[in-house]
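Below: one structure, written as structure tokens.
Residues: numbered from 1 along the sequence shown.
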Amino acid sequence: QVQLVESGGGLVQAGGSLRLSCVTSRRTFSSDFMGWFRQAPGKEREFVAAISWSGAYFYYGEFVKGRFTISRDNAKTKVYLQMNSLKAEDTAVYYCAAGPEVRGSEVAGNPRMYDYWGQGTQGTVSS
């Protein structure tokens, strides 16, 4: 059974940082396109960031504005999301997801193109 497990969430003050990690048991991780999404209470799931299998292509949601960085380590089958300058509105459950390789922010940001999802990790930013 394919698993994606997120970690690194927690409580942080506004202006602080969190580093989320997602480890996967997928044998094809090194060729997977990986994404991060988030969902706040009462809101739809929102695209945060995505990265190609090689790490050469990456995409971010419009709200990120240079505050977040996605990266991956194929040898460790992990993908990371470094979040800096956090705001109260960044409070959400953060999910990692795996799917086929794509190009373009519109496609990368579409949750329907991802086949596998983790259970999520809560990130809370206090103002």
Side-chain angles (χ1 to χ4, degrees):
Q1 183 177 359
V2 174
Q3 284 190 319
L4 284 74
V5 180
E6 303 94 338
S7 62
L11 175 64
V12 65
Q13 290 186 335
S17 299
L18 285 174
R19 188 186 191 220
L20 306 184
S21 298
C22 173
V23 63
T24 174
S25 62
R26 280 178 55 78
R27 297 180 180 178
T28 57
F29 174 82
S30 60
S31 62
D32 282 343
F33 192 85
M34 298 298 297
W36 285 97
F37 289 78
R38 70 183 187 182
Q39 190 164 18
K43 294 188 177 181
E44 293 186 353
R45 191 162 294 193
E46 180 179 34
F47 171 64
V48 179
I51 188 167
S52 64
W53 69 268
S54 67
Y57 297 89
F58 41 86
Y59 308 93
Y60 295 97
E62 291 184 359
F63 70 91
V64 171
K65 299 187 186 303
R67 299 184 297 130
F68 298 177
T69 302
I70 189 170
S71 61
R72 66 189 295 162
D73 186 334
N74 287 344
K76 296 182 178 179
T77 66
K78 285 187 173 181
V79 62
Y80 305 97
L81 184 67
Q82 177 68 44
M83 304 189 295
N84 300 326
S85 302
L86 285 164
K87 307 174 183 179
E89 51 263 42
D90 293 317
T91 295
V93 177
Y94 285 77
Y95 300 90
C96 73
E101 186 81 347
V102 297
R103 293 287 183 269
S105 59
E106 186 171 345
V107 179
N110 185 349
R112 289 179 292 180
M113 63 79 61
Y114 294 86
D115 300 315
Y116 302 96
W117 291 81
Q119 293 300 307
T121 184
Q122 175 71 47
T124 303
V125 184
S126 62
S127 59

**Request:** List, by chain and number, the other hydrophobic cluster members for V23, where Ile, Leu, Val, Met, Phe, Trp and Tyr join if side-chain heavy atoms come within less than 4.5 Å, directly or indirectly.
**Result:** V5
**Message:** Y95: which residues meet the side chain to side chain donor-acceptor pair (under 3.5 Å) condition with it, sequence neighbours left out?
**Reply:** none
**Request:** Nearest 0.5 Å please: distance from the CG atom of L20 over to the CZ atom of R38.
**Result:** 11.0 Å
**Request:** Please list, chain by chain and in numerical order, all residues satisfying salt bridge (charged side-chain N to carboxylate O under 4.0 Å, His left out) with R19, sequence neighbours excluded.
**Result:** none
**Request:** Identify, with sequence neighbours excluded, every residue that meets side chain to side chain contact (heavy atoms under 4.5 Å, CB included) alongside S30.
**Result:** N74
**Request:** For E89 and F63, run side-chain contact (heavy atoms from CB on, under 4.5 Å): C-alpha distance rounded to whole Å, both residues' side-chain angles, the deciding distance at 0.1 Å, then the answer.
**Result:** CA-CA 10 Å; E89 51 263 42; F63 70 91; over 6 Å; no
**Request:** Can you sort out the partners of T124 under side chain to side chain contact (heavy atoms under 4.5 Å, CB included), two or more places apart, ordered by chain and number?
**Result:** L11, T91, Q122
**Item:** Inter- and intrachain pairs under ring-ring contact (aromatic ring centres under 6.0 Å, His included), touching residues 5-52, at least two apart
**Value:** F37-F47, F37-Y114, F37-W117
Side-chain donor-acceptor pairs of residues 77-84 under 3.5 Å, sequence neighbours excluded:
| from | atom 1 | to | atom 2 | distance (Å) |
| --- | --- | --- | --- | --- |
| T77 | OG1 | T24 | O | 3.1 |
| Q82 | NE2 | N84 | OD1 | 2.9 |
| N84 | OD1 | S17 | OG | 2.8 |

**Complete:** Hits for side chain to side chain contact (heavy atoms under 4.5 Å, CB included) against A40, two or more places apart or cross-chain, chain-then-number order -> K43, A92
**Message:** Has D32 got a side-chain atom pairing as donor or acceptor with M34's backbone, closer than 3.5 angstrom?
**Reply:** no
Distance-only criterion, 3.5 Å: show the donor-acceptor pairs between side-chain atoms of residues 96-105 and protein atoms not counting sequence neighbours.
| from | atom 1 | to | atom 2 | distance (Å) |
| --- | --- | --- | --- | --- |
| E101 | OE1 | W53 | N | 3.1 |
| E101 | OE2 | R103 | NH1 | 2.7 |
| E101 | OE2 | R103 | NH2 | 3.3 |

**Fill in**
Across all chains, not counting sequence neighbours, the side chain to side chain donor-acceptor pair (under 3.5 Å) partners of T69 are none
**Asked** What pairs with S7 under side chain to side chain contact (heavy atoms under 4.5 Å, CB included), at least two apart in sequence or on another chain?
**Response** S21
**Message:** Between L18 and Y94, is there a side-chain heavy-atom distance shorter than 4.5 Å?
**Reply:** no
**Asked** Does any pair with a residue in residues 57-89 pass disulfide (SG to SG under 2.5 Å), and if so which ones, sequence neighbours excluded?
**Response** none
